[in-house]
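Dropping the structure in here first, questions after.
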Amino acid sequence: MTFIRNRWYVAGWDGEVGNKPISRKICGEPIVMYRKLDGSVVAMRDACPHRLLPLSMGIREGDNIRCKYHGMLIGPDGTPEEMPLVNERVNKKVCTPSYAVAEKYRYVWVWIGDQTKADEGKIPDFWPCDKENWVFDGGYMRVECDYRLFIDNLMDLTHETYVHAGSIGQKELMESPLETSVDGDKVTLSRWMPNISPPPFWRDALQQDVPVDRWQICEFIEPCSVNIDVGVSPVSEGDTLDSHDSGVRGFVIDSMTPETENTTHYFWGMARNFRIDDQGLTERIRAGQDNIFHEDIEVLEGQQKSIADNPDMTLRVLSIDSGGAHARRIITRLMEAENG
Amino acid sequence: MTFIRNRWYVAGWDGEVGNKPISRKICGEPIVMYRKLDGSVVAMRDACPHRLLPLSMGIREGDNIRCKYHGMLIGPDGTPEEMPLVNERVNKKVCTPSYAVAEKYRYVWVWIGDQTKADEGKIPDFWPCDKENWVFDGGYMRVECDYRLFIDNLMDLTHETYVHAGSIGQKELMESPLETSVDGDKVTLSRWMPNISPPPFWRDALQQDVPVDRWQICEFIEPCSVNIDVGVSPVSEGDTLDSHDSGVRGFVIDSMTPETENTTHYFWGMARNFRIDDQGLTERIRAGQDNIFHEDIEVLEGQQKSIADNPDMTLRVLSIDSGGAHARRIITRLMEAENG
Amino acid sequence: MTFIRNRWYVAGWDGEVGNKPISRKICGEPIVMYRKLDGSVVAMRDACPHRLLPLSMGIREGDNIRCKYHGMLIGPDGTPEEMPLVNERVNKKVCTPSYAVAEKYRYVWVWIGDQTKADEGKIPDFWPCDKENWVFDGGYMRVECDYRLFIDNLMDLTHETYVHAGSIGQKELMESPLETSVDGDKVTLSRWMPNISPPPFWRDALQQDVPVDRWQICEFIEPCSVNIDVGVSPVSEGDTLDSHDSGVRGFVIDSMTPETENTTHYFWGMARNFRIDDQGLTERIRAGQDNIFHEDIEVLEGQQKSIADNPDMTLRVLSIDSGGAHARRIITRLMEAENG
């Protein structure tokens, strides 16, 4: 096992889950999700408790789902409402596991592991995703790599220069020092670039061409998210690394939900506090992120294959990898704590 | 191992096996079959005893087959007639396993397991397939599931309502009680529907629109067949469940030969005693069955994948599954007896 | 393990390796190869020593290669020239394995195993490939079989009759006796056909239609090559099996480098001493060999699958297989010696 189980995991975008059942494997468990008539989301094991046919092949009836094989009618809690024979006594013990679900920050979250421990208060804090005067949008990709390789990738911005040479990589980013700090189960990487000329994207966002202070702050949030605070403010605003909410600001929001030990659901997006009603800008940002993340995926899938092909070699940890290394140590410690 | 070995298995339709060798894996063993000049069928392991090239890649010579690699000429009994070097002494010990073959009921049957025990008397009784004034035809499909899931499917007619909602499923079928009986190694499921209005297929077959008695009798015949006696007779004929040979009658004939532990050769067809010279009707029945069985295959392959994906869940046996459960117990008992 | 490790293996044709990195797995090890500015070839493990991304995805800089992920610059010896952070101290211990390389006989050879034992003197003797007044050309195919099945194939010319029935197979070849001899780690199979009429290919090569002596001499050269001396000379020249360098002569040059235990890189060609400046003839020979070797591959891949499908059967050794059997014994003995 390479993941912590008793956690909320992003299982889908709010727009992905509707009346029609969809199936997605989370932490190795096949899960079917759909919305009830009241709009709330149901998640249960994607297998009829009778003969294990995927419930996602079934037929929706009210808030229930009827198995396509023998017609057992399964309620949103995973227990039968009707048995295959119409007048047979309903046996609630013949049931499929169900999962606690929450909707927050435009995501559908599913609690894997011990359901008695599900508590919405434990959903990670993605505050820019639902703060007033901010807007949040993004996309989804399935990636053939261990989710921890993806965390390594996002907790290190050095790779931008080479992986994204044709898009966002630029030499300037290499010239300011990075600081790493660990606080409990959080890891933070920060870079403060005072009094520089803003690059085109940010000048356009700021709608001024003045000297700016620029920041990049990556935060690993267990079990599998990395959110990156990015932006610029005019030098005249007097912002600092610790206090920087003038100018224009965005958060790159990344959640790498394990599908299996070697495959990952990647949910990505950007929350921003500038030109929030400009839907065209929202779409251009999403298209730009989609391009960039495909560059990461090419590298991550190549790396995953190479690890399997070179069993005599090991991943080395250099100074630039300290963010990812701290994140992996936290994951390992939390997994060990969970397994007693 | 999930199958009984010392048994006759359907290996092909009579029309599938001709002069040209065909290869089919039965109970995990690759078998090449072809017809000799006298029309009889040869079955042997599909591997040259010399360097194991599939004999099905070879060249037919008279009743023999010459290996495409070094030209060893193999006779119908699996022993060499000529060695690779023309004048080399023929060594009959360098041979490939051969299989007892029988042709009966339009099927080519192959005896797997201990060849000294092959006895044509042990071929299951599919009497409607060669009875006078009956006609029999059908088709073949390869299915990615354990053959026992297919037996479960056919020993339970409840699934028709949901799996075949668009074709043969109808509510009426759910209203009459089913009876299950076990007699030695046979399992029988019967349903008698007295004095009902015939559905379109049967009214058309009967060529009268009168009240009928209708029956469905499923019989599991080890190791892997399920034949279903179906039909209607006018109420005035006075038929009963035990004696019902008036009116129009058909048998759905199903053999699920294991290819491997997780894949199945499905040979299906219908024998009938009405309008037996109507070749157009024969073709329409075959096309109809082909449609319906594709609906089953979608379910069976989904179920097989789901069983692998949900290792913590088990198949539950409800009352409707008693036919299949009995059949599985018989298979297990016969396998254990075989293995001593 | 099914191969000897401390050996030179053909890893590519001279024309295949250029400025752009190419990746090829040899004896299970992924290797990246490219040419330096001076034209010499570099071979190292195709994995960055930092995070294992294939170096073949990287960017060439001078004689070095820069990893596409974090930009570590790796020199031709597998050690870093620059770390990912520009001013970080270079740690030469963070390195990837490199391989001794030689170029000889138009091939790029790579030494697998203990690099301290690499010695160009140990490259097998393919003298016709670089002898004055000879010309050598050929091609490459990847084959899904154990390389030893391919050695069996080439150390037995009986198969020509059946596998190559449509191309080079002919009955005449079966009529002269074969002689097998073993001398240390070499195995030789010879066939001398005195005073026969030359077949079309050789009559065309000889540019005379006179009675000829014809020869075929297969030599297994460990670890994985089989070179075949073929040709004809006019009877009047008085050649013998031991001394035959009149008339026209060619060598079929075959190296079967293991990619993995079940897949093989097949490098094949022909060296000849007649009409050596006729480039059209060179191309026709290459096209002819390409056709013929595809016939072998069909058989070899069928054989490999059949071996897996028939675990209860074993490869039999008949008299025609003695060449391959001797070669396999030599390989086994050398592997055992290597493993102590």
Side-chain angles (χ1 to χ4, degrees), chain A residues 144-146 148-167 169-180 189 191 294-325 328, chain C residues 1 5 21 23-32 44-61 64-74 78-80 82-99 112-115 259-260 263:
Chain A
E144 306 252 337
C145 77
D146 183 326
R148 295 170 302 177
L149 292 179
F150 220 137
I151 292 171
D152 295 341
N153 171 286
L154 285 160
M155 289 301 285
D156 144 50
L157 297 175
T158 312
H159 79 270
E160 289 186 1
T161 314
Y162 304 100
V163 177
H164 308 303
S167 53
Q170 44 182 250
K171 207 164 173 220
E172 179 188 34
L173 290 171
M174 308 294 288
E175 290 168 358
S176 303
L178 270 173
E179 274 189 40
T180 308
L189 239 79
R191 181 187 276 147
H294 273 103
E295 293 171 340
D296 288 303
I297 287 175
E298 191 188 342
V299 162
L300 289 164
E301 296 189 340
Q303 190 188 13
Q304 177 79 32
K305 284 200 201 84
S306 188
I307 289 169
D309 268 357
N310 294 282
D312 57 335
M313 294 180 74
T314 51
L315 298 177
R316 298 288 197 127
V317 176
L318 302 180
S319 60
I320 54 164
D321 306 306
S322 68
R328 281 175 179 256
Chain C
M1 192 78 78
R5 283 175 50 77
S23 182
R24 195 160 268 165
K25 196 180 276 183
I26 308 286
C27 297
E29 302 185 13
I31 293 177
V32 58
M44 49 187 159
R45 188 68 69 83
D46 190 16
C48 176
H50 175 213
R51 306 298 288 181
L52 273 55
L53 192 74
L55 289 170
S56 55
M57 292 173 74
I59 306 126
R60 284 293 311 279
E61 283 189 22
N64 306 317
I65 192 162
R66 192 177 289 279
C67 178
K68 173 81 178 167
Y69 202 163
H70 304 88
M72 188 182 265
L73 186 69
I74 305 293
T79 69
E82 287 178 18
M83 301 301 274
L85 281 185
V86 178
N87 295 319
E88 198 168 10
R89 193 182 59 81
V90 169
N91 181 352
K92 290 283 185 184
K93 284 185 190 157
V94 179
C95 62
T96 206
S98 68
Y99 298 85
I112 301 295
D114 180 350
Q115 294 298 313
E259 181 186 52
T260 65
T263 58

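Here is the naming used below: chain letters follow the sequence lines, and residue numbers restart at 1 for every chain. Since the model is a prediction, treat every value here as computed from it, not as a measurement.
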Open item on the list: Between A:Ser306 (side chain only) and C:Ala47 (backbone N and O only), is there a donor and an acceptor less than 3.5 Å apart?
Closed with: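 Such a contact is absent between A:Ser306 side chain and C:Ala47 backbone.
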Open item on the list: Against C:His70, only a single residue in A:Val299, A:Val163, A:Asp156, A:Leu318 fulfils side chain to side chain contact (heavy atoms under 4.5 Å, CB included); can you say which?
Closed with: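 The passing option is A:Asp156.
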TODO: Would you mind checking which part of A:Ser319 comes under 4.5 Å of any heavy atom in chain C, side chain (CB onward), backbone (N, CA, C, O), both or neither?
DONE: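 When you check distances to chain C, atoms from both the backbone and side chain of A:Ser319 fall under 4.5 Å.
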- [ ] Search all heavy atoms of C:Cys48 against all heavy atoms of A:Met313 and return the closest pair with its distance.
- [x]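 That closest heavy-atom pairing would be O-CE, 4.4 Å.
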TODO: Please flag which part of C:Asp46 lies under 4.5 Å from any non-hydrogen atom of chain A: side chain, backbone, both or neither.
DONE: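 Contact with chain A involves the backbone of C:Asp46 alone.
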Open item on the list: Between A:Asn153 and chain C, with a heavy-atom cut-off of 4.5 Å, which part of the residue counts as in contact: side chain, backbone, both or neither?
Closed with: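 Looking at A:Asn153, backbone and side chain both touch chain C.
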Task: Residue pair A:Thr314 / C:Leu52: nearest heavy atoms and the distance that separates them - done: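 Scanning both residues completely, I find the closest heavy atoms to be O-CD1, 3.5 Å.
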Task: Part of A:Glu298 lying under 4.5 Å from any heavy atom of chain C - done: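 Both parts, backbone and side chain.
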- [ ] Go through the atoms of A:Leu300 and report whether side chain, backbone, both or neither lie under 4.5 Å from a heavy atom of chain C.
- [x]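 Side chain of A:Leu300 only, per the 4.5 Å heavy-atom cut-off to chain C.
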- [ ] Would you give the length of the straight line joining atom CD of A:Glu301 to atom CG of C:Leu53, rounded to the nearest 0.5 angstrom?
- [x]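 Answer for the CD-CG pair, A:Glu301 versus C:Leu53, is 12.0 Å.
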Open item on the list: Check whether A:Arg316 reaches the backbone of C:Arg51 with its side chain - one donor and one acceptor, N or O, closer than 3.5 Å.
Closed with: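 Not a single qualifying donor-acceptor pair exists.
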Open item on the list: Please find the pair of heavy atoms, one from A:Tyr162 and one from C:Lys68, that lie closest to each other, and give the distance.
Closed with: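 So the two residues come closest at CB-O, 3.2 Å.
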- [ ] Quick one: which of C:Lys25, C:His50, C:Glu88 has the most heavy-atom pairs under 4.5 Å with chain A, could you say?
- [x]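 Winner by heavy-atom pair count: C:His50.
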Task: Between C:Met83, C:Met72, C:Arg66, C:Glu29, the one whose heavy-atom pairs under 4.5 Å with chain A are most numerous - done: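 Among C:Met83, C:Met72, C:Arg66, C:Glu29, the one with the most close pairs to chain A is C:Arg66.
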